[in-house]
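Please read the structure below before turning to the comments.
Throughout, residue positions are numbered sequentially from 1 according to the sequence presented.
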Amino acid sequence: MTHKIDHRKLGLPSDQRMALLTNLQRQFIRHGYTRTTMGRAKELQRLVEKLITLTKMEDGLEARRRARKVLVGHSASSPKPEKRLAGKTQGEKVQILQQMSLINGEDLVKHLFDEVGPRFKDRKGGYTRLTKIGPRRGDGAPEGVLELVD
């Protein structure tokens with residue numbers, strides 16, 4: 001029986017599992033989709049749905065602090081490419097940072113609350129879609145794509 005089981009262990013010690021899921025959440029918020037194994041995707045879906053629901057709160061300081069606990073980590077101190085961003089519009093800056101995968105830390109929290117959250121303002125839940133894509137070539141693990149619903 002599986003009573004009182006809160007989450008999947010994913011075959012990892014707790015610190016490694018939390019680091020993996022944190023990085024997957026950051027990647028998902030940054031790009032809008034993630035391709036990974038089904039077990040990881042199901043666990044990630046649970047966490048990301050909570051994170052997006054957090055943005056639907058009154059967009060106050062408490063909601064941003066909770067999101068910051070997850071999204072801001074060691075990557076917050078990465079160098080910024082100021083020369084590439086000089087003289088660009090806000091949309092061009094976001095596009096450049098996404099291409100370089102440098103939306104990190106505070107930028108990632110801002111991206112979550114300004115871009116991702118408002119898309120689901122009128123939706124009560126079910127912000128993500130999990131699609132099976134078949135077995136992975138190397139070891140045959142079942143893979144899936146977790147993506148934001150439009």
query = What are the two closest heavy atoms between Pro135 and Gly140, and how far apart are they?
reply = CB-O, 3.7 Å

query = How far apart are the C-alpha atoms of Arg26 and Thr22, what are their side-chain angles, what is the distance that settles it, and do they pass the side-chain contact (heavy atoms from CB on, under 4.5 Å) test?
reply = CA-CA 6 Å; Arg26 290 177 186 159; Thr22 299; 3.6 Å; yes

message = How close do Phe113 and Pro118 get, counting heavy atoms only, and between which atoms?
response = O-CD, 3.3 Å

query = From Ile52 CD1 over to Phe28 CZ, what is the distance, rounded to the nearest 0.5 angstrom?
reply = 5.5 Å

query = Same cluster or not: are Leu10 and Val48 linked, directly or through other Ile, Leu, Val, Met, Phe, Trp or Tyr residues, by side-chain heavy atoms under 4.5 angstrom apart?
reply = yes

task = Could you tell me whether a side-chain N or O of Glu49 sits under 3.5 Å from a main-chain N or O of Gly125, the two making a donor and an acceptor?
result = no

task = Measure across Val149 and Arg119 and return the closest heavy-atom pair with its distance rounded to 0.1 Å.
result = O-NH2, 3.9 Å

request  = Assess the side chains of Thr128 and Gln45: does a donor N or O sit below 3.5 Å from an acceptor N or O?
outcome  = yes

query = Is any NZ, NE, NH1 or NH2 atom of the basic residue among Arg66 and Glu62 found under 4.0 Å from an Asp or Glu carboxylate oxygen of the other?
reply = yes

remark   = Heavy-atom closest pair (Ala141 atom, Thr37 atom, distance to 0.1 Å) is CB-CG2, 4.2 Å

key: Verdict with supporting geometry, Leu24 and Gln27, side-chain contact (heavy atoms from CB on, under 4.5 Å)   = CA-CA 5 Å; Leu24 283 173; Gln27 178 184 351; 4.0 Å; yes

inquiry  = Do Leu130 and Leu47 land in one hydrophobic cluster if side-chain heavy atoms of ILVMFWY residues count as linked below 4.5 Å?
reply    = yes

key: Backbone of Pro13 reached by a side-chain donor or acceptor of Gln16 within 3.5 Å   = no

query = When you look at Leu148 and Phe120, which way does the side-chain contact (heavy atoms from CB on, under 4.5 Å) test go after all the steps?
reply = CA-CA 10 Å; Leu148 290 171; Phe120 303 107; 3.9 Å; yes

ask   = Among the clusters formed by ILVMFWY side chains lying less than 4.5 Å apart, do Tyr127 and Tyr33 turn up in the same one?
value = no

request  = Kindly determine whether Val109 and Val72 satisfy side-chain contact (heavy atoms from CB on, under 4.5 Å), including the steps that lead there.
outcome  = CA-CA 8 Å; Val109 174; Val72 177; 3.9 Å; yes

request  = Please determine if Arg40 and Glu43 form a salt bridge, counting it only when a charged side-chain N lies under 4.0 Å from a carboxylate O.
outcome  = no

task = Decide if atom CZ of Arg8 counts as having more than 12 heavy atoms of other residues, nucleotides or ligands within a radius under 6.0 Å.
result = yes

message = Any non-hydrogen side-chain atom of Thr34 less than 4.5 Å from a side-chain atom of Leu44?
response = yes

task = Using a 4.5 Å cut-off on heavy atoms from C-beta on, say whether the side chain of Leu112 contacts that of Arg64.
result = no

message = Any side-chain to backbone donor/acceptor pair from Arg17 onto Leu12? Under 3.5 Å, distance only.
response = yes

message = For Ile133, give me all partners under side-chain contact (heavy atoms from CB on, under 4.5 Å), at least two apart in sequence or on another chain.
response = Arg35, Glu143, Val145

note = Residue pairs passing the ring pair (Phe, Tyr, Trp, His ring centres under 6.0 Å) test with at least one member in residues 131-150, sequence neighbours excluded, are none

